Colleague: 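The structure's right below; bear with me while I get my questions together.
Each chain gets a letter, A, B and so on, in the order the sequences are listed, and its residues count up from 1. Predicted model only: the values in this text are computed from it and were never measured.
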Amino acid sequence: MANEAFERRAAEARRQWSLERSGDPPLVLVGTATCGRSAGALATLAAIREEAARRSIDLRIVEVGCLGHCYAEPLVVVYARGAEPVCYSRVTPGIGTAIVRRHVAGGEPVVEHLLGALGPSELFPSLADLPRYGGETRKLLARAGLIEPTRLVDALANGTWSGLARALDLGPERVIEEVRRAGLRGLGGAGFPTWRKWSAARAAPADVRYVVCNADEGDPGAFMDRTLLESDPHRVLEGMAIAAFAVGAVEGFVYVRAEYPLAARRVREAIEIATREGILGERLLGVGPPFRIQVDEGAGAFVCGESSALLYSLEGKRGMPRVRPPRSVERGLWGRPTVLNNVKTFAAAATVLAEGADAWASVGTGTSRGTAIFALAGKVVGTGLVEVPLGTTLRQIVFQIGGGVPRGRRFKAALIGGPSGGCLPEATLDLPVDFDSLAAAGGMLGSGGLIVLDEDDCMVEVARYFLEFTQRESCGKCTFCRIGTRHMLDLLRRITEGNGSLEDLDRLETLAEEVRDGSLCNLGATAPNPVRTTLRWFRDEYVAHVTEKRCPAKVCRALIRFRIDPDRCAKGCEICVRSCPVQCIDNDPHTRKKIIDPERCVRCGACQAACPPEYDAVARLSPRDTPAPGESRREGGTP
Amino acid sequence: MKAPTPEEVTALVRDAVDSCEGRHAIAWLQCIQARLGYIPQEAIEAIAGRLGVPAATVYGVATFYHQFRFTPPGKHHVRVCTGTACHIRGGQSILDEWRRRLGIREGEVTADRRYSLESVACVGCCALAPVCVVGETVHGRMTPNTVGDLLTRYALEDEREERGGE
C-alpha cells in the first residue's frame, strides 16, 4: 500500500526535522521571499554568514519563504541551545551580526529586536499572543516561512504529500467525495465548487486530460499566490497531483506570472526534487499512475487570469477569452478536458486530503467553508498576508489583526478584490467576508487583495486608477469592454480634472451596466465594480468634484494647490526647498519664510511630506481658489 | 553606450533564434528577450519562418503581452511600480519625476542609452510602497526627491566604471 511505505518515509523526515530544530548545531532561518529581499534580507543573510564564519561557529543557515508579516521584514528565526526558538523582526545586517554574537554564540537572545517566541514561552511574549499572528487561522500558510521551501524533508515532516498518499488509497471517486464534503470552493475568487469541476472533468469523454495551476496573480496588490509558491511549493504540487489522480490526468502545468521569477524558480526546483525522489513522474509516490508537471511563464496580461485566455496563452497564442460553454472541463487545453484551479485551491485540496474533510469544513460560515488569505496593504499598520476563516468580519481583519490605520487617521474604505472588486465603506465593516455576503454588498472576494484607504484618499481618483488599469488590460475582443471602459475612463478623468458635470455621473452608471452586461469574460463584467461601488457609497465626493470643483480628500491635482502657512514656517529651515523636484519654493525677501510659486508647482506633495511634523506648515487647499485663513485674495487667487 | 551596428544585430538575432527554439511563440520570444533585452524585428520574422506562420501572427502574440519590448533597454532599466498600494502612496509622483528628470516617457530610452523607463503593475513589495526597480534592485519608500539621489548615484557608478575601464 502507498500508505505504509510513505509513512516510514515521513516518520524518518520528522525525526530528522526535529533533530535539526534541537538547537544543536544552532539553526538560523532567514526569510528571503521577494518581500523580504526588497527589505534587505539578502544583505542580512550575508552578514549572518560572515559573522558565523568569522567566529567559526558551526551554524546551519537556511533561506525560507515568507511568514506573511511584510511590515516586520526582514525576519529571522533562531533555534539555539538553551533557549526556546524565537523570531526577530526588522533585522538589518548590524542586528543580524548581533544575533550571531549574542544569541547564537552567547546564548542570550537579543531581546530588543525580538518579535516573539515561536511556541509558548515563559520568558518572552509568544507569537500566538500577538493579535497580528494569534488572530489568524493558518491552514494554507501554516508552514510558510518556517520550512526550507523546496527541500523534501521539510515538506514530508510537516505533512505535505501525506494527502496524496491518502488519496491514492481512497481512489478517485472518494477523493472527489472528500473534496465535496469539505465544501471547498475555488479560492481564486469565483467560489465555484471544486468537486464539481473535478467530477465534470473526470466524466468528460477523452483520452487525455490536463491539470493546470493558475498562478497568474494579476491583481496589482495581491501577492498570496506568489508567497505560497515561494514558501511552500510542495503543497501546491501535491494538490495538483491529487486533482490529476482524481480526474485521470497525466500532465500538469503551472502558469506563473512573468513578474514572479523567484516563484517560478522555486516551483521548478520543487518539481525536480519531487520527481527525482519518486513522488511525481512515472508513478505517483512509486505506486500510483504517472503525473508530470511543467512550469510555463506568462508574459504579462491581466486577462490571462481568465480560464480560457490562460489556456490559449499556454498554447502560445494571444490570451483572448472565448465563448463558454464548452467549459474548460469539457474542452480546455488543446481541446482536452482541463481542470484549472488557483494556487490556493490546490493547496487547500491537499490540506483537505491530508487533514480530512471535517477539519476544513469545521471553520468558515454558511456555504463558505475553510479559510481565505488576504493581502493587506495600503493605510494599515500590519501589512502582509492574513489567513482567516471565511466569514471573519472586515473589522476584525483590518483593526484587530491588521492593527488599524496608522498615524491616527480615519478609516475610509477597503478595496477588496483589486480592479474586479469594489470598495467597502465604514458602514460595511461588520460584514462577514465570504463569497456570498460580499457579492450581496456589490463587492467580490476575488483575488483577496485588501487595500485600506484613509481620509486622505480620494474615491473618485481610486475609481479612475482601476479603470485605467482595466481599460489598458482589456484584450479588445468585446466592444463594450474595449470602448465602454475607455468612455468610462474619459468621464472619470474629466471629473478628476474638474471638468465633469452631474450628467456625467448618470452616464457612468449607464455605461457601468452596459459594460457589465456586454462583456464575454469577467474582466469586462467586473471592470465597472470600482465605479459602481464608489458611486454607491461615496456619491457626495463625485458631486463635490463636479459642482464645487473640490476634491474633499485633496488628492486630485487639478483641484488642489499647496500653500506654506507663514505662521508655522520656521524660516531658517530649508527642508522643503531641497525636497522640491522643480525648485518652485522661494524665500520671501523680507521674512525669509518659504513661498510656493503655484505656476511652477507640479503638486507632487514632496514638500508636505518633507516638512518636519513640529512645523507642519504645508497645507493642501481645494478648490484651488480657496483663500487660506488669514490669506489675502491676491495671494491665493491663482486657479 | 554605443549602439550595435545593424550587422551585429543581425548576427545576434540569428544566434538567439537558433539557440532558443521553444515549444511555441511565447516561449521563443521570452528566450530571445532574456538574451537580447528586447525583440528585434528580424527575430519576429525568423520565428514566424520556423513556425510556418505569417509574421503578423507572431507579431500579434508579441504585442499582446506587456512583457515584450521592441527597443533595446538602456543601461539602467527603470521600472516604476504602479500597483494599487504604490498608487495610493504617491507612485504617480515618482513616475512623473522619472519622466521629468530623464525627459522620456514609459517605453522610451534616453538619447545616451543610459536609462530606459517603464511602468509595471505591482512587483509585490506593497509594504514598501512606493517602489521602483532599477536593473534588479528594488528601491522602496521612494519620494520624488530620492529619484534625483538615485540618478546621482548611478551617474557616479557609471563614471567610476568608465574611468576604471580606461
Colleague: Under 2.5 Å between the SG atoms of B:C31 and B:C20?
Modeller: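 The sulfur gammas are closer than 2.5 Å, so yes.
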
Colleague: Determine, for A:D457 against A:K379, whether the closest basic-nitrogen to carboxylate-oxygen distance falls under 4.0 angstrom.
Modeller: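 The answer is yes: the pair qualifies as a salt bridge.
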
Colleague: Who wins among A:C70, A:G605, A:C580, A:G378 for the most heavy-atom pairs under 4.5 Å with chain B?
Modeller: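 Most pairs with chain B among the choices: A:G378.
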
Colleague: Tell me, side chain or backbone of B:Q33 under 4.5 Å from chain A's heavy atoms, or both, or neither?
Modeller: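 Interface part for B:Q33: neither.
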
Colleague: Determine the option with the most heavy-atom pairs under 4.5 angstrom with chain A, choosing from B:A62, B:C81, B:G140, B:G60.
Modeller: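 Among B:A62, B:C81, B:G140, B:G60, the one with the most close pairs to chain A is B:G60.
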
Colleague: Could you check whether any side-chain heavy atom of A:F466 comes within less than 4.5 Å of a side-chain heavy atom of B:T84, counting everything from C-beta outward?
Modeller: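 Yes; the side chains approach each other to less than 4.5 Å.
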
Colleague: Tell me, out of A:E259, A:E297, A:R472, who's got the most heavy-atom pairs with chain B below 4.5 Å.
Modeller: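 Looking at each of A:E259, A:E297, A:R472 in turn, A:E297 comes out on top.
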
Colleague: Is any NZ, NE, NH1 or NH2 atom of the basic residue among B:E161 and B:K75 found under 4.0 Å from an Asp or Glu carboxylate oxygen of the other?
Modeller: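 Here B:E161 pairs with B:K75 in a salt bridge, since their nearest N and O are under 4.0 Å apart.
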
Colleague: What residue in B:L128, B:V58, B:T143, B:V120 has the most heavy-atom pairs under 4.5 Å with chain A?
Modeller: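 Greatest number of close heavy-atom pairs with chain A: B:L128.
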
Colleague: Which one of A:S579, A:A606, A:C35 has the most heavy-atom pairs closer than 4.5 Å to chain B?
Modeller: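 Heavy-atom pairs under 4.5 Å are most numerous for A:S579.
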
Colleague: Looking at the rings of A:F302 and A:F469, which for Trp means the six-membered one, are their centres under 6.0 Å apart?
Modeller: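 Aromatic pair counts; centres sit under 6.0 Å.
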
Colleague: Contact part of B:H66 toward chain A, heavy-atom cut-off under 4.5 Å: side chain, backbone, both or neither?
Modeller: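 Both parts, backbone and side chain.
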
Colleague: Less than 4.0 angstrom from a charged side-chain N to a carboxylate O is my criterion; do B:D15 and B:R35 meet it?
Modeller: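 Salt bridge present between B:D15 and B:R35.
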
Colleague: Of all of A:S313, A:A222, A:G418, A:A39, which one pairs up most often with chain B through heavy atoms under 4.5 Å apart?
Modeller: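 It is A:S313.
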
Colleague: Count the heavy-atom pairs under 4.5 Å between each of B:G90, B:A129, B:A121 and chain A, then report the option with the highest count.
Modeller: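 When all of B:G90, B:A129, B:A121 are compared, B:A121 has the most.
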
Colleague: Of all of A:R603, A:E73, A:K317, A:E217, which one pairs up most often with chain B through heavy atoms under 4.5 Å apart?
Modeller: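 The answer is A:K317.
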
Colleague: Does B:E97 come within less than 4.0 Å of B:R100, counting only side-chain N to carboxylate O?
Modeller: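 Answer for the salt bridge query: yes.
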
